[in-house]
Structures are given as C-alpha cells and as structure tokens.
Student: 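Shown below is the structure under consideration.
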Amino acid sequence: MGMAKYFESKDKTLCCGCRNCAHVCQKACISMAEDEEGFLYPVINKTNCTNCGRCLQVCPLSNLDQKKSEGDTKVFCAWAKDAALRKQSSSGGLFSVLASLII
C-alpha cells in the first residue's frame, strides 16, 4: 500500500497515533490532527511530500506482516486478583500489586 493510500485510509486501525511518521519526515509534511474523538492521526501535505517512504519504514503498524515473519513474539500478561483494584486501574491493577511488593 502506498504512503498516501495508507495514511488517507479511513480505517483507524492502521494508525496507533505514535507520531513516528511525523518525527521522521525530513520535509515536515506530516502533521497530526485530532479526529472527532480526540485521537491523533497523520495528515500529509502532498505538495511537499517526496514519497521517500521513511514514514512507512518507522510505522509499527505498516510493518506488521514483516515483523510477524521475523519470529515468534512472546507476550506476558498479568492482572490483580482483586476485582475492585482492577476496575480502578488502567493496567489491570498490576502496577499496584508490584509496587506493594517492592515498597
């Protein structure tokens, strides 16, 4: 998928809002704009864009197929057993549990 098609897609699952594309663009043609829900998505100034492809090279979501073929990814997950603590936390309560063990 080309840069313009990739960034202009209405499929919001193609962007995680990491801003890597905007940071790596040497021509400063990529800006981040808020959508109606307040999430940031890239907007390309096509006049200044040279189609160098650096934005797609650093994009974690445009390279998913390549990363999947590089090998198995190990994922670890955990959460607090206390349901009330989990509901109050964005990390599933894991931070509170680990902090209480250390402190």
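Everything numeric here is computed off the predicted structure, so don't read it as measured data.
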Student: Between Gly93 and Ser89, what is the shortest heavy-atom contact and its length?
Tutor: N-OG, 3.1 Å

Student: For Cys29, which residues count as a side chain to side chain contact (heavy atoms under 4.5 Å, CB included) partner, sequence neighbours excluded?
Tutor: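 If we apply the side chain to side chain contact (heavy atoms under 4.5 Å, CB included) test to Cys29, skipping adjacent residues, the hits are Cys25, Lys27, Asn45, Asn48, Cys49.
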
Student: By the rule that ILVMFWY residues connect when side-chain heavy atoms come within less than 4.5 angstrom, directly or transitively, which residues belong alongside Ile102?
Tutor: none

Student: Give me the atom names and distance for the closest heavy-atom approach of Arg86 to Lys81.
Tutor: NH1-O, 3.2 Å

Student: Mind checking the CG-SG spacing from Leu61 to Cys18? Nearest 0.5 Å is all I need.
Tutor: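 That separation rounds to 7.0 Å.
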
Student: Applying side-chain contact (heavy atoms from CB on, under 4.5 Å) between Ile30 and each of Val43, Asn20, Ile44, report the one that passes.
Tutor: Ile44

Student: Which residues, ordered by chain and number, are linked to Phe39 in its hydrophobic cluster, where ILVMFWY side chains connect at heavy-atom gaps below 4.5 Å, directly or through other members?
Tutor: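 Traced through the cluster, Phe39 reaches Tyr41.
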
Student: Rounded to the nearest 0.5 Å, what separation is found between the CG atom of Asp35 and the CE atom of Met32?
Tutor: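 It comes to 10.5 Å.
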
Student: Report the residues that fulfil salt bridge (charged side-chain N to carboxylate O under 4.0 Å, His left out) with Glu36, sequence neighbours left out, ordered by chain and then residue number.
Tutor: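 If we apply the salt bridge (charged side-chain N to carboxylate O under 4.0 Å, His left out) test to Glu36, skipping adjacent residues, the hits are Lys12.
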
Student: Only counting residues at least two apart or in another chain, list the ones meeting side chain to side chain contact (heavy atoms under 4.5 Å, CB included) with Leu85.
Tutor: Ala80, Asp82, Ser96, Val97

